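Step one of this worksheet: look at the structure below.
Quick caveat, the model's predicted, so the values are computed rather than measured.
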Amino acid sequence: MSRPPEIHVLENETSLANEVADFLAWTVEETLRRHAQFRLVLSGGSTPRSLYRTLVRPEWSQRIAWPRIRFFFGDERCVSPTHAESNYATAKACLFDPLGIPDTQVARIHGEEPPEDAAQRYETAIRQDFTIDPTTVPQFDLVLLGLGDDGHTASLFPGTAALEEHTRLVVAGSSPTGVPQRVTMTYPLLNRARVVLFLVAGTKKAAMVRRVLDEDIRRPTLPAARIHLTEGRLLWYLDEAAAAALTVRRRSVPHHEE
Ligand code: 6PG
């Protein structure tokens, strides 16, 4: 049975980004004591930009062992890697380029290819990176996720076939808004992670945050509520605006207390 989510609420988007940067730095340090590298999955959309801006500041850029981190994406829009809507383009401009992270450390989803081809190619790339037997689900060290105001996360949108994928790790998906064609990691892969961290900010998300966190995880209906880890830690990092409608008890224990 998965553990309940740990909910951290910070005053504003700046303090939220700093707290998540601190958690990331701590988790990387702890993991690299035992493993050669750290595999991080980035979320899409606009919320991560404030985290990226924080991570490239010397306080964090000089603390984190970037050369030992491999970067992946939880989903991608089916556009070119230079398109303004590309999650890779956002990460490249705001994180990879400022930190001098080479392409060899980044496994991007080839959104410019036909979606199904891109999905199969990405699943193969993930499996090759982990060099594990084909029946084992790879375990990422940390997965960042966002929350859409319809309850989607990654590109797992309500009512889409991707929600019902229980075998493949990556599939083609569809979105009712924005770029319609997507490629997304699936629940088998996301729920296997050591840590999943939802980073959510802003008033617009408050109603959906409450619905997701108040939902009965035994009968979840919203895509984001169906993220519950087989053995890892599920954390929600929110600013006060996004947490404003919450009724569940907020745990404000320091992040290093597992
Ligand atoms: C995407 C994301 C998606 C995103 C949420 C929140 O590609 O759009 O992966 O799941 O995290 O839609 O997006 P914002 O941060 O822009 O609100």
Side-chain angles (χ1 to χ4, degrees), residues 4-21 23-24 41-55 73-79 83-91 93-95 142-160 162-163 173-185 187 190 196-217 220-228 234-252:
E6 302 168 40
I7 302 169
H8 299 262
V9 181
L10 284 301
E11 183 183 357
N12 54 46
E13 197 159 6
T14 302
S15 54
L16 175 63
N18 272 295
E19 190 72 10
V20 173
F23 178 79
L24 174 63
V41 178
L42 300 177
S43 59
S46 57
T47 302
R49 290 194 188 118
S50 63
L51 173 61
Y52 297 162
R53 281 194 299 271
T54 300
L55 288 171
F73 290 85
D75 72 317
E76 185 55 280
R77 291 82 178 272
C78 292
V79 293
H83 192 286
E85 287 293 316
S86 161
N87 292 331
Y88 166 78
T90 298
C94 303
L95 189 68
L142 194 151
V143 175
L144 290 172
L145 289 176
L147 176 70
D149 50 19
D150 61 355
H152 80 261
T153 191
S155 281
L156 298 167
F157 287 88
T160 61
L163 299 177
S174 58
S175 165
T177 58
V179 175
Q181 290 188 306
R182 305 289 184 101
V183 175
T184 185
M185 288 185 178
Y187 288 120
L190 296 170
V196 168
L197 189 155
F198 277 93
L199 172 59
V200 187
T203 307
K204 285 193 307 181
K205 303 292 176 72
M208 188 49 71
V209 165
R210 172 178 178 166
R211 283 187 59 194
V212 169
L213 288 176
D214 282 351
E215 273 212 342
D216 177 349
I217 65 165
T221 57
L222 294 161
R226 292 174 59 177
I227 296 288
H228 42 84
L234 175 57
L235 302 106
W236 284 74
Y237 277 80
L238 309 164
D239 65 0
E240 283 290 358
L246 269 186
T247 58
V248 293
R249 190 171 62 84
R250 302 175 186 183
R251 291 184 55 194
S252 56

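The ring pair (Phe, Tyr, Trp, His ring centres under 6.0 Å) search around F198 returns W236, not counting sequence neighbours.
For the pair C94 and R53, the minimum side-chain heavy-atom distance is 4.5 Å or more. For the pair T90/L42, no side-chain contact is recorded, criterion being any heavy-atom separation below 4.5 Å from C-beta on. Using a 4.5 Å heavy-atom threshold, the side chains of Y237 and V200 count as separate. Side-chain contact between R77 and S86: absent, with no pair of heavy atoms (C-beta onward) separated by less than 4.5 Å. For the pair E76/R182, no side-chain contact is recorded, criterion being any heavy-atom separation below 4.5 Å from C-beta on.
Distance check, rounded to the nearest 0.5 Å: CD of E19 to CG of L51 gives 12.0 Å. Between K204 atom NZ and L147 atom CG the span is 11.5 Å, to the nearest 0.5 Å. Considering CG of L16 and NE2 of H8, their distance stands at 11.0 Å, rounded to 0.5 Å. Taken from CG in N87 to CG in D75, the straight-line distance is 5.0 Å, to the nearest 0.5 Å. Expressed to the nearest 0.5 Å, how far CD of E240 lies from CG of L10 amounts to 8.5 Å. Atom OG1 of residue T47 and atom OH of residue Y52 lie 10.5 Å apart, to the nearest 0.5 angstrom.
In this structure, A225 and P220 approach most closely via the heavy-atom pair O-CB, 3.6 Å. Between V196 and L190, the shortest heavy-atom distance links the atoms CG2-O, 3.6 Å. The two atoms that bring A245 and A206 nearest to each other are CB-O, 3.9 Å, heavy atoms only. Of all non-hydrogen atoms in V41 and G74, the two that sit nearest each other are CG1-N, 3.2 Å. For the residue pair P158 and P223, the shortest heavy atom distance occurs at N-CG, 3.7 Å. When all heavy atoms are compared, the tightest approach of F157 to L163 is O-CD1, 3.4 Å.
Of the options T184, V179, T160, a side-chain contact (heavy atoms from CB on, under 4.5 Å) to S174 is made by T160 and by none of the others.
Listed for the T153 side chain is a donor-acceptor partner under 3.5 Å among the backbone atoms of G146.
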Q: Go through the steps for M185 and V143 under the test side chain to side chain contact (heavy atoms under 4.5 Å, CB included), then give the verdict.
A: CA-CA 11 Å; M185 288 185 178; V143 175; 5.6 Å; no
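Residue R226 places its CZ atom among more than 12 non-hydrogen atoms of other residues, nucleotides or ligands, all under 6.0 Å distant.
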